[in-house]
A.B. asks: 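This is the structure I want to talk about, given as structure tokens.
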Amino acid sequence: MTIRPPVIEITAAQKMFGSFQALSDINLSIEQGEIVTLLGPSGCGKTTLMRLLAGFETVTAGTIRIDGRDCAGQPPERRPVNMVFQRYALFPHLDVFENVAFGLKVKGTPKTEIRERVQRMLHIVQLDSFANRYINELSGGQSQRVALARALVNGPKVLLLDEPLAALDLKIRQHMLVEMKRIHAETGATFVYVTHDQDEAMILSDRVVLMEKGRIVQVDRPETMYAVPKSLFAAKFLGETNLFEAAMASDDASGMTAVTGSGLRLRSSIVPAGELRGKVIVSIRPESFRFNRDNDTTQSATGKVEDVIFIGSRSFYTICLADGVRVRVQVQRGTRTSLPKPGERTEIFWDSDNVVILPQS
Amino acid sequence: MNTAAARRTALPFSILVVAAVIFAAPLVVALLTSLKSPSEITRVIALPNELYFQNYAIAYDRMGRSFLNSIAITVPSVILSLLVGAISGYPLAYMRGAGGRAVYFFLLTGMIVPFQIVQIPLFFLIRSIGLYDSIPGMWLVHTAYSVPFCTFFMRNFFASVPRSMYEAALIDGCTPAGYFWRLLLPASGSGLAALAIIQSRAIWNDLLFAITLTTSDKATPVTATIAGFASSLQVEYGPLMAATLISLLPVMVTYLLFQKAFVRGLLGGAGK
Ligand SMILES: Nc1ncnc2c1ncn2[C@@H]1O[C@H](COP(=O)(O)OP(=O)(O)O)[C@@H](O)[C@H]1O
Ligand SMILES: [Mg+2]
């Protein structure tokens, strides 16, 4: 693997709007060709960070380097970036071809080259036959393809996408995500993608940057972030999970066992990010539980099946443990073992590598 | 149409019909009067016995020149006032911060200054710069007087155009001026059309500036000429009504031309 300098390097960046701190202590580096998503709830500063990269806002403190150059004072058009906006950034009085050609025209690119590059771009986004349509004659998905082409035709090193699919309905969104990956592969640009939708982030990203209240709380590959969240916020934000209030076991020097109020011992084989002591929260995903003791299953508990929800490929069981704590268990359709029925008592099993012990806040 | 829907629309529909009749009545009376011979003219409501087109001939004879003056005053004044409104509305719509707001509110106060207050000073001003009784003088006055409203209108229209369009253009390397001429203005057709109708009507119908600042055939617009019909010792209603109807035509034509865009412009939005 060759080592290239990161295409984006943000160091100790801060952004204030008046006295409001929108971003604090942002450190992030992004490699050439990556798809990185900025994920977090609405208002956590994703758009602001993106606008800092684009050059529409300036950092209050810290530095941003793009392609090796400090971009303090550099206006948007001088940066090797382009942007896909959430909606409405297409020019309504121009047709698709003219929309995509606009940036090249402004830069005084020769006509024949414009024609070539626009046509190649329209081909990549699969809108070859739409060149002469007006924007109001396009569907939402097609408009977003035009927006992608419009930005990518300028050959940016980094493409910034601010919730580009938020206005589309689910089916088209899923399709566009696949398309987005293909277009990324074909163009080789670095994608920085903003979303508040964890599914989009998981499907799309090489790495997820999880943000909360103007800070980056975790940067990891999607699988890692899902399996080993480093905070309660991360555990709750990505996917569904069961949370248990517990305290660290005093008899376990390795600091990997927590005990709930009712005495249930939850042992984790995941090395915690920091030192854990006193009260903690334990997170176990619903799909980590099983109804059968296979191989060397190490932990178990008994409870009563309260409820079963069947949703096609999966079923969700609500199990009420002895102390009244409820646990959600997810079972994939086609599981061979015999499954308990509502009202029955049952035993559930889980492995220590699915148990995540987290600090309380 | 099903009956429930019919019942629901019946009341608003009848109110609209009544309103339409009230608004149309003066026009109908004017039309009837303009087609009556002098002997019939006092029977206001009655239909004319036979169509008497002489009134139109008399009217056109007397105001033909001023009709052309009105066109020569209105068309450039409308174009100029739209241009000034757009150019000054653009920065006000895009500027953040208190400075822009202060300028904007200062301009708005211009809208509440009535014509009559400036009438006499304006007369001396225009005379001293040598534009009294001239068509360019009327352009200047109409354009200047339109600045507040046109700025207000265009600022609000531009503010409804998504800012991301501006940023998308900037990131592509377009300058703010380039954005204005190449993208914002061409994309603002509906707003400009709406304002064009409002301005055409206002400038075409202006009487006060006309009688204050024009005096001869050279520059007097049709409104002042028609007013002249009524101020002679004997009011000649037939030619007066004919002249009025003729003078309405250009505004109606303008409205019909821009009608669709007008409604869209009033409803705001970037025009879907
Ligand atoms: N121009 C601005 N002036 C003042 N506050 C702003 C401005 N832009 C964003 N903010 C504030 O910064 C915070 C983060 O906003 P944003 O980056 O848009 O969040 P996100 O995109 O994650 O939803 C919000 O509380 C927002 O109100
Ligand atoms: Mg946002």
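We name chains A, B, ... by the order of the sequence lines, and we start the count at 1 in each one.
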A.B. asks: Heavy-atom distance under 4.5 Å to chain B: side chain of N82(A), backbone, both or neither?
C.D. replies: both
A.B. asks: Heavy-atom cut-off 4.5 Å, strictly under: side chain, backbone, both or neither for V84(A) against chain B?
C.D. replies: neither
A.B. asks: What orientation do Y145(B) and F115(B) show, parallel under 30°, tilted 30 to 60°, or perpendicular over 60°?
C.D. replies: parallel
A.B. asks: Where on L104(A) is there a heavy atom nearer than 4.5 Å to chain B: the side chain, the backbone, both, or neither?
C.D. replies: neither
A.B. asks: With a distance cut-off below 6.0 Å to the six-membered ring centre and an angular limit of 45° from the axis, does R155(B) pair with Y90(B) as a cation-pi contact?
C.D. replies: no
A.B. asks: Above 12 or not: heavy atoms from other molecules or residues under 6.0 Å from CZ of F13(B)?
C.D. replies: no
A.B. asks: For the residue pair F85(A) and F56(A), does the interplanar ring angle fall in the parallel (under 30°), tilted (30 to 60°) or perpendicular (over 60°) class?
C.D. replies: tilted
A.B. asks: Looking only at heavy atoms, which two atoms of V251(B) and R201(B) are closest? And how far apart?
C.D. replies: CG1-CG, 3.9 Å
A.B. asks: Need one label for R79(A): side chain, backbone, both or neither, based on atoms under 4.5 Å from any heavy atom in chain B.
C.D. replies: neither
A.B. asks: R78(A), K105(A), R150(A), M83(A): which one forms the most heavy-atom pairs within less than 4.5 Å of chain B?
C.D. replies: R150(A)
